[in-house]
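What follows is a single structure, written as structure tokens, with notes after it.
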Amino acid sequence: MTTTEENKPLVSIIVRTKDRPELLQNALRSIASQTYRPIEVILINDGGCSLPVEKLHGTLEDISLNYINLKRNTGRAHAGTTGIENAAGAYTGFLDDDDEYYPEHLESLVSRLQQDNCKIVYSAVESIDKKIEGGRTHLDCKIVFARKFSYEDLLIANYIPLISLLFESNLLKTLMFDESFELYEDWDLLIRAGENNTFCFVNKVTAAYYQWSNLQIAFKSSPEAIKQSTIQIYHKHLNKFTPSLIYRLSAEEWIHRPEVAELKQTIHDKEMEIRTSGEKIQLLEAQAVEKEEVINTIINTKGWKYLVQYRRLRDWIKSVVLSGRKV
């Protein structure tokens, strides 16, 4: 169904930023390039450097900007919740300041939300590793996050980047972010959202998730911090791990153990050895049958019969000679 811009639902895009004004400009340009309208941007400056607000308005062109400048750094969860609280749109999405949307991102997601009467929808996303060498930017290792929704998989690990999602705002406002999380606040949000809602999936790459080795938050965190945040997720949502999921995890872990792989290889080698031995036995049996047939053929000849009689006569004469008897 074709609709005019005037009766299309407003989409709110929450952008959290801190001390990355140049990357932020690129993210905002990707929002301005959207084929969908109307859009509003809720920009949360989480205690970062001063931003050129007038320039940002110019970058967004006809898109309205709600700029919220937090005086101190409060963390991603609080900044995200602040954005949700101030979102006026019927739908709400997220874009980190170092990522970008492709032009048909919002058009694709809104269309799917309205078509299937979903409350949550997400698309496929490219994960691009960015490296700066010799003043040049290199893009490596493109991987596409493109998997249909599985709540069990989501409990095990977060495979849905937040930038790929669009939520019905009323639902999102009942969820918010859990500010006790310094990491994985998005994973926690999705687990809670998915408990009673199925996510609709658009199998189309509509956004780019950039990983800067020296800037991305996941890379700033120590392995221990990542470990503890993961444990925090599992501890909070342990009641959602059903016996079947626990069995699946146990089975998958067992299957992928190195010693099991070695055991499988040993079994394979033994099977090949047995198979080879069996083939050798069959060959020897065939040779034995063949030789037996030759022997039977020889035994049945007149020459063999004469030879047998000669040997019997020879043996008798030898026995007589050795015993001293007269012939």
Side-chain angles (χ1 to χ4, degrees), residues 5 8-17 23-24 26-44 46 56 59-60 62-68 76-77 79-127 145-146 149 158-177 185-190 192-194 197-210:
E5 182 177 320
K8 283 184 176 181
L10 175 67
V11 174
S12 301
I13 302 299
I14 297 168
V15 180
R16 295 171 288 184
T17 189
L23 294 177
L24 173 63
N26 186 62
L28 296 182
R29 274 192 290 269
S30 77
I31 296 175
S33 73
Q34 293 301 294
T35 58
Y36 182 88
R37 293 292 188 278
I39 306 170
E40 70 162 358
V41 170
I42 297 92
L43 178 60
I44 312 297
D46 191 18
L56 299 181
T59 300
L60 288 171
D62 62 326
I63 294 173
S64 64
L65 172 64
N66 181 0
Y67 177 61
I68 300 173
R76 291 173 56 82
T81 292
T82 300
I84 295 171
E85 290 172 341
N86 285 273
Y91 304 123
T92 300
F94 297 85
L95 183 63
D96 284 339
D97 59 7
D98 60 339
D99 296 328
E100 67 175 290
Y101 290 154
Y102 295 153
E104 294 182 355
H105 175 74
L106 291 179
E107 190 83 55
S108 301
L109 297 185
V110 171
S111 175
R112 184 60 185 274
L113 281 170
Q114 295 179 324
Q115 176 184 341
D116 291 348
N117 196 29
C118 301
K119 293 186 176 182
I120 306 168
V121 66
Y122 69 103
S123 61
V125 172
E126 289 181 318
S127 177
F145 291 94
F149 181 69
N158 185 14
Y159 62 94
I160 308 176
L162 189 63
I163 66 166
S164 71
L165 289 138
L166 193 62
F167 297 83
E168 186 179 275
S169 296
N170 289 337
L171 171 63
L172 192 58
K173 288 179 185 294
T174 66
L175 296 169
M176 299 299 189
F177 287 104
E185 79 288 342
D186 53 343
W187 185 10
D188 168 71
L189 174 72
L190 298 189
R192 289 185 285 115
N197 299 279
T198 298
F199 297 10
C200 293
F201 174 56
V202 176
N203 192 9
K204 176 182 179 181
V205 176
T206 66
Y209 177 82
Y210 289 102

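No donor-acceptor distance shorter than 3.5 angstrom exists from the side chain of S111 to the backbone of S108, with no hydrogens or angles considered. Put simply, the side chain of E100 never gets that close to the backbone of S30: no donor and acceptor are under 3.5 Å apart. In terms of modelled atom types and a separation under 3.5 Å, the side chain of K8 and the main chain of Y36 share no donor-acceptor contact. With S12 contributing its side chain and G89 its backbone, the two residues share a donor-acceptor pair below 3.5 Å. A donor-acceptor distance shorter than 3.5 angstrom exists from the side chain of D99 to the backbone of Y210, with no hydrogens or angles considered.
The two residues E40 and S64 make their nearest non-hydrogen contact at CB-OG, 3.2 Å. Heavy-atom minimum distance, A32 versus I63: CA-CD1, 3.7 Å. Scanning both residues, Y102 and A208, for their nearest heavy atoms gives OH-CB, 3.4 Å. Residues R112 and C118 share a closest heavy-atom pair of O-SG, 4.3 Å. The two residues T82 and N86 come nearest to each other via the heavy atoms O-ND2, 2.7 Å. Taking all atoms of both residues into account, the shortest heavy-atom contact from R192 to M176 is NH2-O, 2.8 Å.
Side chains of L56 and V41 form no contact here, defined as non-hydrogen atoms less than 4.5 Å apart. Contact annotation: the side chain of P9 approaches that of Q114 to within less than 4.5 Å [non-hydrogen atoms, C-beta and beyond]. Counting only heavy atoms from C-beta outward, the side chains of Q34 and E107 never approach each other to under 4.5 Å. Counting only heavy atoms from C-beta outward, the side chains of V15 and I31 approach each other to under 4.5 Å.
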Between L65 and L28, is the side-chain contact (heavy atoms from CB on, under 4.5 Å) condition met? List the steps. CA-CA 10 Å; L65 172 64; L28 296 182; 5.8 Å; no

Carefully, step by step, assess L189 and L172 under the rule side-chain contact (heavy atoms from CB on, under 4.5 Å). CA-CA 9 Å; L189 174 72; L172 192 58; 4.0 Å; yes

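Between the side chains of T92 and S169, at least one donor-acceptor pair of N or O atoms lies under 3.5 Å.
Between L95 atom CG and I13 atom CD1 the span is 7.5 Å, to the nearest 0.5 Å. Taking CD1 of I14 as the start and CZ of F94 as the end, the distance is 4.0 Å to the nearest 0.5 Å. Between atom CZ of residue R16 and atom CG of residue L43 there is a gap of 12.0 Å, rounded to the nearest 0.5 Å. Atom OG1 of T59 sits about 10.0 Å away from atom CG of N26, to the nearest 0.5 Å. Here the CZ atom belonging to F167 is positioned 10.5 Å from the CG atom belonging to L113, to the nearest 0.5 angstrom. The CG atom of D188 lies 9.5 Å from the CZ atom of F177; values are rounded to the nearest 0.5 Å.
Evaluated for a salt bridge (charged side-chain N to carboxylate O under 4.0 Å, His left out) with R76, the options D97, D186, D96 yield exactly one hit, D96.
Taking the six-membered ring where the residue is Trp, F149 and F199 present parallel rings, their angle staying beneath 30° rather than reaching 60°.
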